[in-house]
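Contents: one structure, followed by commentary.
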Protein chains: 2
Amino acid sequence: MHAYTTSRIEAQSRSPQPNPPETFHPALLQPLNFFPAGAGIYAQGEKAGVFYQVEFGAVRIYRLLADGRRQISAFHLAGETFGFEGGATHHFFAEAINATGIRVFRIAAGADMSHQLLPLALKGLTRAQEHLLVLGRQNAIERVAAFLVDMAERQGGLRKIELPMSRMDIGDYLGLTIETVSRVFTRLKKKGVIRLISLRSIEIAKHDALQNMSE
Amino acid sequence: MHAYTTSRIEAQSRSPQPNPPETFHPALLQPLNFFPAGAGIYAQGEKAGVFYQVEFGAVRIYRLLADGRRQISAFHLAGETFGFEGGATHHFFAEAINATGIRVFRIAAGADMSHQLLPLALKGLTRAQEHLLVLGRQNAIERVAAFLVDMAERQGGLRKIELPMSRMDIGDYLGLTIETVSRVFTRLKKKGVIRLISLRSIEIAKHDALQNMSE
DNA sequence: ATGTCCCTACGGGGAATTACCTATAACCAC
DNA sequence: GTGGTTATAGGTAATTCCCCGTAGGGACAT
């Protein structure tokens with residue numbers, strides 16, 4: 001794990017959370033670790049800690065094929081937890097997308113955290129299985145619509161949402177190329193469903209239409 | 001849940017398990033429920049029990065889109081467990097593929113089973129995330145190869161493997177049509193990588209080649 | 001065993017979607 | 001401003017889907 005600094009960093013206020021972030025026993029609390037954009041948090045094959053919580057910023061979880069193809073299995077925003085593993089080692093890579101603050105929670109010797117981790121694992125499992133439907137059976141527009149609806153929900157259901165990740169990250173999350181992602185954004189814009197305020201900031205003009213497109 | 005009979009059924013011997021099936025506290029043991037081919041075990045939106053274990057037969061877990069498109073997120077073979085949910089209701093459908101025997105494990109009042117369920121949930125999470133890579137970034141041959149390698153591992157690594165599910169199930173699991181699945185099977189056969197003993201029974205002639213194809 | 005029926009799987013051709021490649025445009029940091 | 005990165009756009013190519021018809025395998029009765 002590449003911790004660029006372990007000193008305490010002033011955390012900026014979190015974006016509104018539809019599901020309030022989990023809180024854990026203070027004795028387990030670790031200082032905030034800071035990761036600059038693109039920094040690895042852990043790598044496939046590394047020994048697994050227990051779990052991580054995003055304080056601010058955003059994280060991508062991904063896996064690679066030998067020829068470089070990449071599948072991002074999840075994004076994690078402020079307040080969300082990730083990184084728990086079944087075995088002793090990580091099966092995926094985790095990287096900071098932007099400047100990101102992470103808290104690492106470790107098991108106190110002998111403590112049984114399964115009671116706290118199980119709901120997190122089950123939530124992640126449901127999320128992953130729902131994403132399987134998107135990747136396996138939805139077309140490009142449906143995929144992007146589902147992604148935007150999900151991001152909007154996780155940012156409190158506001159009209160204006162921030163996309164902390166690049167088009168390439170979005171493509172690798174949705175199983176599309178950046179060109180297709182870009183074209184779908186343009187199509188949604190022409191239909192008046194979304195407005196592109198800037199590259200990483202969009203406004204959802206017709207939430208119902210977007211919801212319908214995601215099926 | 002559609003339990004066609006709750007009477008005890010003579011369970012046939014399980015196929016060899018690379019990972020021995022979990023065993024649970026006998027006080028929680030429920031009688032074996034029998035489901036004929038195609039029978040629903042639970043449906044999306046139903047109240048969730050705790051979890052289920054396949055005694056014999058096979059189960060498919062899936063989700064539907066409004067227009068009927070289906071994504072199977074997992075198959076479960078003899079000895080495997082499934083059906084634990086984050087919330088109070090099921091998010092997916094579960095059906096018996098063939099004649100199948102299932103044990104239902106319920107939480108004893110006040111008992112905390114998270115210690116037993118967490119490893120199962122984490123294993124399922126890793127499986128689902130690995131499947132995301134297949135659906136998002138692999139082509140038809142790679143998908144089928146990955147599927148066959150997985151099925152072979154779960155059946156003890158033998159050369160001859162049984163596919164309890166139809167081509168349509170395989171297609172809906174891999175995000176392909178039955179035609180494409182069929183064509184890939186034919187291509188693999190022509191290459192001498194597999195032999196089709198019968199429709200539901202194949203022999204892996206070149207396991208290394210298959211492994212390489214799955215990347 | 002053998003024949004028949006029926007369901008499932010296989011195969012071919014055209015169509016649609018998306019990927020790949022190249023070029024241009026927009027954005028951002030310095 | 002200016003340079004470099006990232007996103008958008010268009011054309012072509014490849015993959016896979018969709019629709020059709022045919023073939024094959026298993027179950028059952030004879």
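We name chains A, B, ... by the order of the sequence lines, and we start the count at 1 in each one. The model shown is predicted, which means the values in this text are computed figures rather than measured ones.
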**Q.** Between CZ on residue A/Arg63 and CZ on residue A/Phe92, distance to nearest 0.5 Å
**A.** 5.0 Å
Q | Parallel, tilted or perpendicular, as decided by the 30° and 60° cut-offs, for the rings of A/Phe75 and A/Tyr173 | A | tilted
Q. What is the distance from CZ of B/Arg183 to P of D/dC20, rounded to the nearest Å?
A. 15 Å
Q. Rounded to whole angstroms, how far apart are CZ on A/Arg200 and C1' on D/dT6?
A. 8 Å
Q. When rounded to the nearest 0.5 angstrom, what distance separates CD in A/Glu80 from CG in A/Leu120?
A. 11.0 Å
Q) Is the shortest distance from a Lys or Arg side-chain nitrogen in B/Arg69 or A/Glu142 to a carboxylate oxygen in the other one below 4.0 Å? A) yes
Q. Could you give the angle between the helix axes at the two ends of the helix from C/dA1-D/dT30 to C/dC30-D/dG1, with five pairs per end, rounded to 10 degrees?
A. 50°
**Q.** Closest-nucleotide 5' rank along DNA chain C - winner of B/Thr186 and A/Arg187
**A.** B/Thr186
Q: Please state how far atom CG in B/Leu174 lies from atom P in D/dC17, giving the value in whole angstrom units.
A: 11 Å
Q: Would you grab the first and last nucleotide of DNA chain C (5' to 3') that comes under 4.0 Å of any non-hydrogen atom in chain B?
A: C/dA9 to C/dG13
Q | Nucleotide D/dA7, atom P - distance to CE of A/Met165 in whole Å | A | 12 Å
Q. What does B/Ser182 touch in the nucleic acid at a heavy-atom separation under 4.0 angstrom: a base, only the sugar-phosphate, or nothing?
A. base
Q: Calculate the interatomic distance between B/Arg167 atom CZ and D/dG25 atom P; express it in whole Å.
A: 11 Å
Q: Tell me which nucleotide among D/dA7, D/dT8, D/dC17 gets nearest to the side chain of B/Thr177.
A: D/dC17
Q | Separation between CZ of A/Arg70 and CG of A/Asp172, rounded to the nearest 0.5 Å | A | 4.0 Å
(Q) Over all strands shown, is A/Gly171 touching base, sugar-phosphate only, or nothing at heavy-atom distances under 4.0 angstrom? (A) nothing
Q) How would you label the contact of B/Ile178 with the nucleic acid (heavy atoms, under 4.0 Å): base, sugar-phosphate, or nothing? A) nothing
Q | Value rounded to 0.5 Å, distance of OH in A/Tyr62 from CG in B/Leu132 | A | 16.0 Å
Q: Output, in order, the C-alpha distance, side-chain angles, deciding distance and verdict of side-chain contact (heavy atoms from CB on, under 4.5 Å) for B/Phe35 and B/Val59.
A: CA-CA 10 Å; B/Phe35 297 86; B/Val59 171; over 6 Å; no
Q. For A/Leu188 and D/dA7, what is the distance between atoms CG and C1' respectively, to the nearest whole Å?
A. 16 Å
Q: Show your working on side-chain contact (heavy atoms from CB on, under 4.5 Å) between B/Leu135 and B/Gln71 and close with a plain yes or no.
A: CA-CA 11 Å; B/Leu135 294 188; B/Gln71 178 63 43; 3.6 Å; yes
Q) According to a strict under-4.0 Å criterion, is B/Thr180 in side-chain N/O contact with OP1 or OP2 of D/dC17? A) yes
**Q.** Distance in Å, A/Met213 CE paired with A/Ile141 CD1, rounded so as to fall on 0.5 Å steps
**A.** 6.0 Å
Q: Whole angstrom is fine here: how far is it from CG in B/Leu135 over to P in D/dT16?
A: 13 Å
Q. When the distance from CD of A/Glu179 to P of D/dA13 is rounded to whole Å, what number comes out?
A. 17 Å
